[in-house]
Amino acid sequence: MRDVVVLGVGQSRFGKFPEVSMETLGVEAATEAIRDAGVRADRIRTAYTSRLYSEMITGQVVFRNMGITGIEMINVENACAGGITAVHALWKDIAAGYCDLGIALGVESMTTSPIAGKLIPPAKDDLDGQLGQSMPVVFALQARRLMETHGATEEDFALVSVKNHDAGALNPRAQYRKRFTVEQVLASRPVADPIRLLECCPNTDGAAAVVLCSAEVARRYTSRPVRIAASALRSGDYFYKKQDLTSFELGGRTADAAYEASGVDPADLNVVELHDAFASEEIVHYEDLRLAPRGEGVKLLREGATALGGRVPVNPSGGLLSLGHPLSASGVRVVGEIALQLRGDAGARQVPGARVGLAQMLGGSASGLETGACGIQILTL
Amino acid sequence: VTIVDIREGAFRETDGGGWVLLGERDPDSGTVRFPATGAWPRIELGARATLFSWSTVHMPSAHFTAPYTVGYVEFPEGVKVFAPLRVAPDTELRAGVPMALEIDELWDGVRGYRFVPEEEQR
């Protein structure tokens, strides 16, 4: 297996842009990633494109605007983990020697999609979905169990939102660059008890892209390559096997696979980006990613260890809570954010001296399954 | 008006005129799950469930207007079932309270299951 490097990072504007096409957003992100990589567009041999709510052949439609045609193009979907699935698939192609240089793109125009202004609907014949389960409900039921078993409080959930909005205020690419107090978060309207509006990520239009290449090719372009030390993608097991709602077995299993493949210990991590679609779930991911022992995720949060300036900042970008969540783009964006952090190019939100980082994205909900898919990449300098 | 069940074989009426949910049990491990997939032999879930987690939801869903309450109840067999909960507005829910099964028309033309605190059922 060959070493693979993140050579270029790109992101479109993030926000609500009903007047901007999916294509335009995709082009913005892909163009920036290719320019950042310093390669010519015609060097790209493979393109993976992730999207949920677009027409067929999304990649071909985006890349035709950039003179990129005729190459191998694959369009993928894996719920919120679609973007990181695209990165993972490209990593495999390059690691295996099928390709030397390629691009992974995630793009979503939520405001022009069939679900504009709505929640992500369950599949039409999904049993639990029919009975009133939705994404906020899944995480509300989990948050309630955190309160039962972990001593978590509604203030703790608000604190996650405050922390991530503090970071987002430093990120010029965030949809919302506004700080809030715990009191303001708690005063926002209830969505699904105990989750409140300012603890939910907004629906967002946007795209993110990364250019990956073999370590050999990277030598021609950079003297400080960011290496993908491990990439793991797993799918969810049966719900009935879960003991409680306070852990994603899938998240822990995928993390363990990534730690084992990379030789990185969770204690080695300097920076983490993860799925914070709802503030309360961030505490669960701390434990699943082994950042804190089981039961001590709340303590890690309260100590400030996961805030900028802490031992292991989580979501220094501002997370989905401030950036917004263009579903298929988020999994690519988190990989790009970790690459920027390791390069020292993260601006005001930079984690000083970061050398080892982890990007995680998970999602998908269906009756009988714990969750759909989880992807994790560990990046090192 | 024809009333259809939300899912074929998810529940049935008992000889005593009550209702039970139908799950299935793995003959090897004894693990129970709901709803049944057909892979394992069917079993009736125990009459007594307890509340495991709950949420009052403040936005409408496909079939319910806000606010509505949903949650997981846990059966003695260890299986957790997601369902709508029928609770009075002033009820303070707690984990572990006994919950009774109700079979009723949940929305137009669809019959399904929900749970109600035993205290409120009386």
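The analysis underlying the following values was restricted to heavy atoms, covering all of them including side chains, and did not include hydrogens, waters or symmetry mates. Please read these numbers as outputs of a predicted model, since none were measured by experiment. By convention in this document, chain letters (A, B, ...) are assigned in the order of the sequence lines, proteins followed by strands, and residues within each chain are numbered from 1.
Taking the centre of each ring, A:Phe239 and B:Tyr72 come in below the 6.0 Å mark. The six-membered or imidazole ring of B:Trp40 lies near that of A:Tyr240, with a centre-to-centre distance under 6.0 Å.
With a 4.5 angstrom heavy-atom cutoff, A:Lys242 touches chain B only via backbone atoms. In this structure, chain A has a heavy atom under 4.5 Å from the backbone of B:Val32, while its side chain stays farther away. Looking at A:Val137, the atoms closer than 4.5 Å to chain B (heavy atoms on both sides) all sit in the side chain, from C-beta outward. Looking at B:Pro35, only its side chain comes within 4.5 Å of chain A, counting heavy atoms on both sides. For A:Gln130, the parts lying under 4.5 angstrom from a heavy atom of chain B are both the backbone and the side chain.
Between chain B and the residues A:Asp244, A:Asp125, A:Ile195, the most heavy-atom pairs under 4.5 angstrom are made by A:Asp244. If you tally non-hydrogen atom pairs under 4.5 Å between each of B:Val79, B:Thr37, B:Thr69, B:Thr31 and chain A, the highest count goes to B:Thr31.
Although no hydrogens or angles enter the test, the distance criterion places no donor-acceptor pair under 3.5 Å between the side chain of B:Ser53 and the main chain of A:Arg144. The backbone N or O of A:Gly132 lies less than 3.5 Å from no partner atom in the side chain of B:Ser61, so there is not a single donor-acceptor pair. Between the side chain of B:Lys80 and the main chain of A:Gln243, a donor-acceptor pair closer than 3.5 Å is present.
At most 12 non-hydrogen atoms from other residues, nucleotides or ligands lie less than 6.0 angstrom from CZ of B:Arg94. For B:Glu13, the CD atom is densely surrounded, since the number of other residues' heavy atoms within 6.0 Å is greater than 12.
Rounded to the nearest 0.5 angstrom, A:Gln142 CD and B:Ser55 OG are separated by 12.5 Å.
Of all the heavy atoms in A:Arg145 and B:Ala95, the pair that sits closest is NH1-CB, 4.3 Å. A:Asp126 and B:Arg7 make their closest contact through C-NH2, 4.4 Å (heavy atoms, listed as atom of the first residue, atom of the second, distance). Of all heavy-atom pairs spanning B:Met59 and A:Ser134, the tightest one is CE-OG, 4.1 Å.
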Walk me through it: do A:Leu141 and B:Phe82 pass the test side chain to side chain contact (heavy atoms under 4.5 Å, CB included)? CA-CA 10 Å; A:Leu141 295 171; B:Phe82 176 85; 3.8 Å; yes
One pair to check against side chain to side chain contact (heavy atoms under 4.5 Å, CB included): A:Leu131 and B:Leu106. What are the steps and the verdict? CA-CA 9 Å; A:Leu131 291 170; B:Leu106 296 182; 3.5 Å; yes
